[in-house]
Amino acid sequence: MTIRIVIVAALAVLAAASAQAAAPPEEQAVLAPVYAMFAGMAKYDQAAMLATVQPEGSVALLRDGVVKRMTLGEFVSHVKPGKGRIEERIHDPLVRVDGDLAMVWAPYEFLVDGKVHHCGSDLIHLVRTNGRWLIAGVADNSRTDCAAK
């Protein structure tokens with residue numbers, strides 16, 4: 001791994017940690033598995049990703065007017081090295097919590113080799129099980145007319 005990749009990855013983690021630290025503690029707890037899943041994706045680390053989700057949970061990806069559905073476990077199995085350096089960034093997350101149920105809505109950018117590939121909005125719902133927040137479902141849309149941030 002080159003020093004540039006290490007620096008870029010470290011900066012992304014610091015930016016995510018900074019955004020998360022600004023949120024109230026309850027929201028930080030909800031955002032933690034979301035950021036951990038994105039960190040796992042960036043490393044192509046399926047085990048790290050699986051640690052943040054309920055594998056039987058649902059994924060709905062809206063692409064060109066068509067909804068592609070799969071389980072979270074199936075989604076994780078699709079994240080494999082060889083696609084270049086990937087990173088998903090969310091901005092200004094809206095977090096809502098009611099007891100053991102939470103949701104995060106946030107605009108996102110998906111980067112490949114440091115360049116925006118597509119963007120859209122993520123809708124992530126989580127459940128607290130045994131005191132731990134886990135991602136139970138993800139829905140997103142996607143477009144390529146993204147303004148660079």
Side-chain angles (χ1 to χ4, degrees), residues 1 5-6 8-114 116-143 146 149:
M1 193 176 331
I5 292 172
V6 171
V8 169
L11 290 173
V13 169
L14 288 174
S18 175
Q20 186 179 355
E26 186 173 54
E27 291 182 15
Q28 288 179 32
V30 169
L31 287 167
V34 174
Y35 287 122
M37 182 176 72
F38 294 153
M41 284 173 53
K43 296 175 187 170
Y44 294 105
D45 185 341
Q46 292 180 347
M49 292 176 68
L50 282 172
T52 67
V53 303
Q54 292 184 317
E56 69 280 4
S58 66
V59 174
L61 306 174
L62 183 59
R63 302 292 183 265
D64 299 318
V66 176
V67 178
K68 181 173 181 172
R69 296 187 178 277
M70 64 187 85
T71 67
L72 281 162
E74 291 166 335
F75 174 78
V76 168
S77 72
H78 284 93
V79 179
K80 295 179 183 173
K83 298 177 184 173
R85 190 180 74 244
I86 62 172
E87 178 185 359
E88 184 158 347
R89 296 178 185 165
I90 61 173
H91 307 278
D92 306 314
L94 172 66
V95 179
R96 294 290 186 256
V97 180
D98 183 13
D100 292 331
L101 180 66
M103 73 104 206
V104 175
W105 180 92
Y108 77 90
E109 295 173 323
F110 190 87
L111 291 81
V112 176
D113 293 327
V116 176
H117 181 268
H118 64 274
C119 61
S121 294
D122 281 334
L123 175 58
I124 303 166
H125 71 274
L126 301 94
V127 294
R128 185 168 31 205
T129 305
N130 298 321
R132 232 178 114 221
W133 286 106
L134 292 172
I135 298 168
V138 174
D140 76 9
N141 59 10
S142 175
R143 63 184 174 278
C146 311
K149 291 199 178 214

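Residues R63 and H118 approach most closely at NH2-NE2, 4.4 Å, considering heavy atoms. P93 and A106 make their closest contact through CA-CB, 3.8 Å (heavy atoms, listed as atom of the first residue, atom of the second, distance). Counting all heavy atoms, side chain and backbone alike, M49 lies closest to G40 at CG-C, 3.8 Å. Considering every non-hydrogen atom in both V97 and A102, the closest pair reads CG2-CB, 4.0 Å. Shown here for L126 and P33, the closest heavy-atom pair between the two residues is CD2-CG, 3.5 Å. Q54 and L72 get closest at one heavy-atom pair: O-CD1, 3.4 Å.
Expressed to the nearest 0.5 Å, how far CE of M37 lies from CD of E88 amounts to 6.5 Å. Atom CZ of R128 is separated from atom CD of E26 by 6.5 Å, given to the nearest 0.5 angstrom. Rounding to the nearest 0.5 Å places OH of Y35 at 10.0 Å from CD of Q28.
Side chains of D140 and F110 form no contact here, defined as non-hydrogen atoms less than 4.5 Å apart. By the 4.5 Å heavy-atom criterion applied to side chains, S142 and Y108 are counted as neighbours. A heavy-atom distance below 4.5 Å is found between the side chains of I90 and F38.
Only one option out of I124, D98, V30, L123 pairs with M103 in a side chain to side chain contact (heavy atoms under 4.5 Å, CB included); it is L123. Under the side chain to side chain contact (heavy atoms under 4.5 Å, CB included) test applied with V127, the options D100, I135, L101 reduce to a single match, L101.
In this structure, the side chain of E87 does not engage the main chain of L111 through any donor-acceptor pair within 3.5 Å. For the pair N141 (side chain) and S121 (backbone), a donor-acceptor distance under 3.5 Å is present. Here the side chain of R69 pairs no donor or acceptor atom with the backbone of S58 at under 3.5 angstrom.
Within 6.0 Å of NE2 on H117 lie no more than 12 heavy atoms contributed by other residues, nucleotides or ligands.
Of the charged side-chain nitrogens involved, none lies within less than 4.0 Å of a carboxylate oxygen, so that D122 and R89 do not count as a salt-bridged pair.
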| task | Mind running side-chain contact (heavy atoms from CB on, under 4.5 Å) on Y44 and I86 for me, showing each step along the way? | result | CA-CA 9 Å; Y44 294 105; I86 62 172; 3.4 Å; yes
